[in-house]
Each structure stands twice: as structure tokens, then as C-alpha cells.
Amino acid sequence: MEQTLVLIKPDALKNSLTGYVLSLLSEFHTGLRFAGAKIVHVSRMLAEEHYAEHRGKIFYPSLIEYIMGRLHYPDEPRKRRVIAFVYQGPGATGRMREICGPTNPHVARETRPGCVRSLGTIVPIKDGQGKVIGDRMDNLIHASAANEDAEREIKLWFRPVDIPPSMRTYPTEINEKHYYFKDRTLSLTHEPGSVCLLAPGDIVWKTDLDALGKLHRGEASAVTLEAVAAKYLINVHQENN
Ligand code: GTP
Ligand code: MG
């Protein structure tokens, strides 16, 4: 059964479009079902992992600020949220991308009136002197582009226990060690200031457990430590900067 990740971005929350967007994504309209849902205060680490493919691009810094909610709530950190969903059903990824529409809201309005992103906007980015140096696409929603992206993204935003057991589609395992995280390093023992990511008995994505094992042995891993840690740190701390 196919699954896909959907994010209701901070501009949708700010403009009170959440209910409208979700009604477009209803099972009646899409044939897809919720498998997971959560309100997330997006940390810089989570934002950077989510948009890792865009690292180095000219719009990357503003994209990170955007998904963290810093652009739409510059003075109200507690309002900075994204709503994350896993949707499940036949052709979930393609179906969701279709309803979202083109990335650029102007193109969306011209070519796919009525799609979610046709309600978005483009905002000029100015330098200190007020000169326009680029633009920002506030397009209200994210949906995974392909099934491989969906798997990576669902595992980045959701723990297995966030999804009902009968709806989990990726392999899980029972963890047998304590894993702690501090200053972007991993350890098996607690030290002052470290956060416990996993304890014995926790159900984890198999790929996360494989990654932690490799990283602890100093081997290369396709799943980064940050990608595993960012998920377990969701809503643990308020990040203000
Ligand atoms: P997401 O669902 O958010 O991943 O959008 P997408 O898959 O339709 O587009 P893509 O992954 O290529 O880009 C991610 C986000 O970066 C987009 O949603 C836009 O907000 C932003 N973006 C992409 N391309 C551009 C661009 O050329 N200029 C600007 N300013 N922003 C862009
Ligand atoms: Mg994308």
C-alpha cells in the first residue's frame, strides 16, 4: 500500500487555510486515508534534513526559514508550526502531487486553477538596501515527489509508533541499546546534556537502527545521524533562533 508525506506549511496555517486544504485531501476526493498526523515545531536540523536536496541553491536559506515558520511568524516563535500527515492508498504519491499542483503559485494559477498551490503567493526577497535579489515561493503545502522520497520523508517526520501498526508499510525492529545524542554526536552512555533518542524495547524503523549501528562503529551510512535524531527531537525543545 503506497504512502506519501504531506506538510501543511506555515503560510497555510497563518492564512487559516488548513481546513480548506484538508477538505480537498479528504478520502472522498482522493481515495486516500490518514495513516499519521502531528503538529510539529520544525527545528533547523529537521528543516535541513527535509530539504537536503536543495542545499547550496540560491533559495535554500529562505526555504529553511520558511518551513521553520520564521518568515510568517518572525516575532511569535510559539506559533511556528507545520502539520504533518501520512496519507495511504493506491497511487498516493502521484494523487497528492496532482492536487497540490505546480511548485510555482503563479504557474499553478495559470495552468491548474483550483489546485492547492493556486492559492499560494510569490514574495520578493530584498537585500539590506531594498534591492530585489530573488523571490520566495509560498506554496502552502508539501507532498512527496516520488515513492523513494516518500519513504525517506515519512521516516524523517514519523516514528513507527506515530502510525497504527496495521498501517505501517516499512520494516521495523525492536531496539536493544540506549542511544544518546549531544552536539551532533552519538553515544551509548548518558552524559550531562545528552538526550536519549532510543531505549531498549523501542520500536524503530529498521533503516534507522542499521544507520545508528553503522554510525556508532564509525562506518558510512546513507541515513544521517541528523535524520534519525531530528525525528526523536521533534517537539522536545522550543527552538527560538
Ligand atoms: P515541495 O513539496 O515543497 O518539496 O515542493 P516541490 O517538490 O514542488 O518543489 P522542490 O522540491 O523543487 O522545491 C522545494 C521548495 O523550494 C518549493 O516548494 C519552493 O518553495 C522552493 N523552490 C523551488 N524552486 C524554487 C525556485 O526556483 N525559486 C524559489 N524562490 N523557490 C523555489
Ligand atoms: Mg520537493
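Read the numbers this way: they start at 1 and go in the same order the structure lists the ligands and their atoms. Just so it is clear, the values below take in all heavy atoms, side chains as well, and ignore hydrogens, waters and symmetry mates. Everything numeric here is computed off the predicted structure, so don't read it as measured data.
Taking each heavy atom of Val82 and Pro10 in turn, the nearest pair found is CG2-CD, 3.7 Å.
Looking at residues two or more places apart in sequence or on another chain, you find no side-chain contact (heavy atoms from CB on, under 4.5 Å) involving Ile58.
With values rounded to the nearest 0.5 angstrom, Ile133 atom CD1 is found 5.5 Å from Asp127 atom CG.
By the neighbour-count criterion of 12 heavy atoms within 6.0 Å, atom CZ of Arg97 is densely surrounded, having more than that number from other residues, nucleotides or ligands.
Between Lys38 and Asp162, at least one side-chain nitrogen of the basic residue sits less than 4.0 Å from a carboxylate oxygen of the acidic one, meeting the salt-bridge criterion.
The distance between the ring centers of His237 and His41 does not fall below 6.0 angstrom.
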Starting from the N and O atoms of ligand 1, find every protein N or O within less than 3.5 Å and list the pair with its distance.
unit_1   : atom_1 : unit_2 : atom_2 : d
ligand 1 : 2 (O)  : Arg117 : NH2    : 3.0
ligand 1 : 2 (O)  : His142 : ND1    : 2.7
ligand 1 : 3 (O)  : Lys9   : NZ     : 2.8
ligand 1 : 3 (O)  : Tyr51  : OH     : 2.7
ligand 1 : 4 (O)  : His142 : ND1    : 3.1
ligand 1 : 5 (O)  : Arg117 : NH2    : 3.1
ligand 1 : 7 (O)  : Arg97  : NH1    : 2.9
ligand 1 : 7 (O)  : Arg97  : NH2    : 3.3
ligand 1 : 8 (O)  : Thr103 : OG1    : 2.5
ligand 1 : 8 (O)  : Arg117 : NH1    : 2.9
ligand 1 : 9 (O)  : Thr103 : OG1    : 3.4
ligand 1 : 11 (O) : His54  : NE2    : 2.9
ligand 1 : 13 (O) : His54  : NE2    : 3.3
ligand 1 : 18 (O) : Lys9   : NZ     : 3.2
ligand 1 : 18 (O) : Asn139 : ND2    : 2.8
ligand 1 : 20 (O) : Met137 : O      : 3.1
ligand 1 : 30 (N) : Asp135 : O      : 2.5
ligand 1 : 30 (N) : Asp135 : OD1    : 3.2

